Amino acid sequence: MTYSDNESLQKAILGKFRPSTLILTSGERLARQLKHRFRLSQMAVGETAWAMPQIMSLNAWLHKTWKMAWPEYRPLNHLSRLVIWQEAVNLSPPPPPIDWEGDMSLLESLDESYAVLVRHEIAPEGRGEPYTTLSTWRQKVCQNFERLASIQRAFHPAHLPDCVKKIIQRDEIPIPKQIVLAAFEAPSPIEEKLFDVLAHKASVCRLDLPTGKPCRIRAVILPDRDQEVKWLVEQVTLDAQHIPLNGIGVIVPDLELYLPYLRNTLNEVIGPSLVDNYSAFNISLGEPLSHQSLVLAGLLPLRLATEGEPRQVLLSLLLSPYYGRWAEVRDQIARADRIWRENSVDANIDHLLRVAASRDPNLFYLIEGAPERLSNVYAPLRTRSARRVPDWINILERFWNELGFPVIADQIDTSSWKYLKDILLIFKKDLRKISLTLYQFHEWLKYALARETIHTQGSEHAGIQIVGLIESRGLSFEKVYVLGLAGTTLPRPVRPLPLLDPEERGKVQGGTPESQFSFAKDAFQHLLACAPDVTLIRPEQEGGEPLSPSPFWPDSQESRTVDLWNEPNGVWSRIVWLSSAYEGMKQGEHVAPCDPPLESSYLPRTISVSELAIALACPFRFLMEKIINIQPLEQVEYGVHPKVFGSYIHRLLGLFGRSLCEQGLDESVDQEGLQEFLKVCVDQMIRNVAQNPQWSVELRRWLGERDKTPGLLDQWLRIEIERLRKGWKWLKVESSFSGLSFPDWPFSVSGRIDRIDYHPDKGIVVWDYKTGEIPSKKSVTTDLIEPQIPLYILALKEHKVAGITQNRLEDRTFSGGYISLKKWSSISHQDYTPEKETWEVVLKRWQEVVSDLGKLVAAGQYPAEPYPVSRTDKKEKPCEYCPYRPLCNPLLRT
Ligand code: SF4
């Protein structure tokens, strides 16, 4: 019998209901929708109590019927099957190149192949000549599996239709007189045989899925998947104004692919449910248990032990709200991360705890806790040898108990905890005889948790229904959207099934392109029967590559786009961040992040040259970093951090230079003697780090290798000696200055000059050593963004440098620049004397720029604006790597 759509099919199915009728459906979802429909129909005619018809999925009925027969053999659950597969593979290891290391995907592949073959009545253990090495091996492993299962008086559930068929044939159980087989789209051969036997024993009526001819069908193409989902959500929100929510269906052939897009956009526009299970939408695909926060927190000790005890995982454990032990002290413990980062300690609990203890003993005691210390509870997880699975579970549970896990926050946590405990119980029972290393146990547990899904929001009977292709069989809605109808979605690619030989693949559904196409063709026609109004949607491209449409895509289509910023409609105003952004943009004008102005008393009286450079680059950053003192967390650096290295070099050259200045360094110097002395200084500087392999590499770069390659410092010294021979003298090394100020500066500036040189004809030059990139001359003299050298010269001219007497400066010319120490080939002295003007003119400009900045900050204004007073056009530069970006408002700067 055929029907025009699923609505009439469902009515016809329920129309067959008599007290002795059994209604079997292809899937659970249809069975539940039929029961709900029946309930509503009874209430509509004023009934208050009724006998519920026997409606169930074929799978549920098979299990129930088998149980009723008091059988000696039981169908195996998934986990027990994997255990037996593992044993079976251990008995017959796979041929090369398959690497058998307890690989779960191999076990899963065997289980899937076995089920597919049984459903198609092909013997998995082989009755003919196998074609390939893999299928020969599979046959052997399947024989092992059947033997091992039989020893346990169990069997693979794929055999259930056949087992039930046999007990019905032998009249070992009674079956209803009337049976309705509803919506079986593509029953497997083993199911067809069962249906034949049922037809001999009872009156069987088959109601097949209709081929749909909707009143309205529309095809819409959008630029990509993100736009597809946005457009869909816009449409369903508009539909919801005149269609009951549960009358709107969204069928997604590749639901897993679209799940993140759907969840994000629906939650943003429609919002999460306020009351459990009363969400305005229901996504049938649950979330894997392994994604739940409580479960992720519960597995942290296993991750810690199997991933090499990384700092981040230990910190996640200590700061996790699911562990009650540290609830009161979590904010104090968070400081440990700063210590670890500053000390570049990134793994190993012993090391991490030692460093924490050396810097802050109290912190160490907070982390270790009481009564049982963290390191004691954790110690059993460090065992490398294999243990029985129940032992690992006991260790894990003890860890949880001692550390107060779990602290439950809401309903989702409650059900996650229940499912997690259930899975551990199953593990204890089904894997009780198995010994695994901790790594293997972790893998098995992760695998089981990823397969278990939980439903976190929504109901099947209320809200917009979002379902996959198979689940949509027989469902009825007022309006349906089909999402993602691209060429790779319907039909799906051929199932890989690598353990089947080509002949076997030719016989199973989905094993060839032809069978996938024929399945997809039927499925497409059946989904058109889900509603009288159907909208098909597909993306035009993915990652810049065009996507072909499904072969069932209609000829005429509409192109749509969603432009939230330029063409918003009422739907999008539901998104909080978007409406706030619009509000912000309407205000238009710059909003100072520090409004009202900061009291001038907060401005330091003295700032260093490097702080002045920060304030020039961005006053807001100066406010955050230097006044409020918010510092970005250090990143753990592998190798020698360039900053640390730069500071060592500065100290080394300072030590070397000071000693030589004291000895009155001049052109009569002995080069070899200086080199030896430099090495002595180097040894003194790096004594504490010389054993570190990363430092030894750096040292080789700096000192070179005897008779092989000259070092960077050798080259530098050679150039310096040449300069000394040309009449230069090192006047002062590491000279501090302070109190540099002018009448309209609200602060004074202090600093330290790396070196001051003197030449009788050329005057005085201030130098700064640079181990990294040196600033350009333009940035110093014209753009006015690099204050170092000009301020040093100003300090000298204003007699602010300690140890330089006034008479040494009289009638001298002044200049300054950088000594580049970045690489051997580019070591040089870069004098930044301006080309077409004098330093006096440049220094005057600098005085004005600092004064402009001073006025701004003295008025309490710290705008998030790069270079507000400098003369540069490269304004965006300071924002490129600025750690304060999340604190300032980038929108205001565009
Ligand atoms: S991102 Fe740019 S504007 Fe914002 S604080 Fe950093 S430098 Fe200033």
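Atoms within each ligand, like the ligands themselves, are counted from 1 in listed order. Predicted model, so just to flag it, every value in this text is computed and none were measured.
Against a heavy-atom cut-off of under 4.0 Å, Phe620 is close to the following atoms of ligand 1: 5 (S). Numbered from 1 in the order shown, with element, the atoms of ligand 1 that lie under 4.0 Å from a heavy atom of Cys618 read 3 (S), 5 (S), 7 (S), 8 (Fe). Contact atoms of ligand 1 toward Cys882: 1 (S), 5 (S), 6 (Fe), 7 (S) (distance under 4.0 Å to a heavy atom of the residue).
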Ignoring hydrogens and angles, write down the donor-acceptor pairs under 3.5 Å from the side chains of residues 775-796, residues two or more places apart or on other chains.
| residue | atom | partner | partner atom | Å |
| --- | --- | --- | --- | --- |
| Ser776 | OG | Ser779 | N | 3.1 |
| Ser776 | OG | Ser779 | OG | 3.3 |
| Lys777 | NZ | Thr833 | O | 3.0 |
| Lys777 | NZ | Glu835 | OE2 | 3.2 |
| Lys778 | NZ | Asp783 | OD1 | 3.3 |
| Lys778 | NZ | Asp783 | OD2 | 3.3 |
| Ser779 | OG | Ser776 | N | 3.4 |
| Ser779 | OG | Ser776 | O | 2.6 |
| Thr781 | OG1 | Lys777 | O | 2.9 |
| Gln788 | NE2 | Asp768 | OD1 | 3.3 |
| Gln788 | NE2 | Asp768 | OD2 | 3.3 |
| Gln788 | NE2 | Tyr792 | OH | 3.2 |
| Tyr792 | OH | Arg752 | O | 3.2 |

Item checked: Steps toward side-chain contact (heavy atoms from CB on, under 4.5 Å) verdict (Gln227, Arg560) -> CA-CA 9 Å; Gln227 287 266 310; Arg560 291 276 181 269; over 6 Å; no
Checklist line | Chi angles and distances behind the salt bridge (Lys or Arg N to Asp or Glu O under 4.0 Å) call for Glu720, Arg755 | finding: CA-CA 12 Å; Glu720 291 291 1; Arg755 212 175 81 199; 2.8 Å; yes
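Atom 4 (Fe) of ligand 1 does not have Cys879 among its coordinating residues (no N/O/S atom, backbone or side chain, under 2.8 Å).
Aromatic ring orientation, Phe742 versus Trp745: perpendicular (interplanar angle above 60°, classes split at 30° and 60°).
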